[in-house]
Structure formats: C-alpha cells, structure tokens
Amino acid sequence: MKKITLSAILLICSMAVFSATTLIVSSGFSFSPSSVNINEGDSVNFQLGNIHNAVEVSQATWDANGTSALAGGFSVAFGGGLVLPANLPVGTHYYVCTNHAG
C-alpha cells in the first residue's frame with residue numbers, strides 16, 4: 001500500500017514539474033502565437049486587448065478564417081483570461097477572435 005501511495009504522489013508531483021503556462025497576446029488583429037501545442041497539465045494565459053476574445057476552432061475553420069466555435073472547445077472573454085488544464089486536452093489548439101477572424 002505504501003508503494004502505491006508513494007507512486008501516486010510521485011506521479012502528481014512530476015506532472016506539476018513538467019506542466020507549463022503558455023502566454024498568448026494580441027498584436028493588432030492577430031494572436032502570437034497563432035496556435036498552441038498542449039502537453040498534459042499545461043494551461044494557457046490569454047492577455048488580450050478589450051476588443052479581443054478567443055474562441056477555440058477546428059483547424060479547418062482556422063484555415064478558412066472562420067469563427068465557428070469548436071464543440072467542447074474553450075472560450076476566453078474579451079480582455080483575456082486563463083484556460084486551465086482541465087479544458088485543454090493534449091494536442092494542437094487553434095483559436096480566433098470572433099470579431100476579427102479573417
């Protein structure tokens with residue numbers, strides 16, 4: 001039992017050590033970076049101007065300069081905010097400002 005508990009504690013600590021927070025900022029009418037690759041435990045901090053929000057979209061929507069939100073994707077209010085790991089599955093995420101995409 002002690003080995004299982006110790007293993008669980010080590011696993012949780014290692015996830016905290018290797019997680020990262022990616023900073024995304026608005027620059028004119030675009031984001032930098034324009035997409036983000038998420039690893040387990042990562043979060044994303046959007047620092048946006050008051051006229052920008054961020055809505056997660058599919059790659060096809062992003063490529064087409066569309067604004068259709070990805071079902072189950074994240075959404076950040078105008079001005080920015082933090083997207084927590086619980087809302088960020090591992091992989092590449094694409095996002096747009098619904099007022100300025102295209």
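The basis for the numbers below is simple: all heavy atoms, side chains too, and nothing from hydrogens, waters or symmetry mates.
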Identify the residue among T22, L82, N87, I38 that makes a side-chain contact (heavy atoms from CB on, under 4.5 Å) with S43.
L82

Would you say the side-chain atoms of N53 and T98 include a donor-acceptor pair closer than 3.5 Å?
yes

Roughly how far apart are H100 NE2 and S30 OG, rounded to 0.5 Å?
11.0 Å

Mind checking the CG-OG1 spacing from N37 to T92? Nearest 0.5 Å is all I need.
4.0 Å

Partner set under ring pair (Phe, Tyr, Trp, His ring centres under 6.0 Å) for F31, not counting sequence neighbours
Y95

Donor-acceptor pair, E56 side chain versus F74 backbone, under 3.5 Å?
yes

Interatomic distance, OG@S19 vs CG@L88, rounded to 0.5 Å, equals 11.5 Å

Before giving the answer on side chain to side chain contact (heavy atoms under 4.5 Å, CB included), spell out for T21 and L23 the whole-Å C-alpha distance, their side-chain angles and the decisive distance to 0.1 Å.
CA-CA 6 Å; T21 300; L23 177 64; over 6 Å; no

The test is side chain to side chain contact (heavy atoms under 4.5 Å, CB included); show your working for T61 and L70 and say whether it passes.
CA-CA 9 Å; T61 299; L70 180 65; over 6 Å; no

Give the cluster check for L48 versus V44: same hydrophobic cluster or not, with ILVMFWY residues linked at side-chain heavy-atom distances below 4.5 Å.
yes

Report the C-alpha separation of F78 and N50 in whole Å, then their side-chain angles, then the decisive distance to 0.1 Å, and conclude whether the side chain to side chain contact (heavy atoms under 4.5 Å, CB included) test is met.
CA-CA 5 Å; F78 288 90; N50 290 333; 5.8 Å; no

Shortest non-hydrogen contact from V83 to V76?
CG2-CG2, 3.5 Å

Less than 4.5 Å apart, any side-chain heavy atom of S34 and any of Y94?
no

With rounding to the nearest 0.5 angstrom, report the CD1 to NE2 distance, I24 to H52.
13.5 Å

Hydrophobic cluster identity match, V36 and F46, side-chain contacts under 4.5 Å:
yes

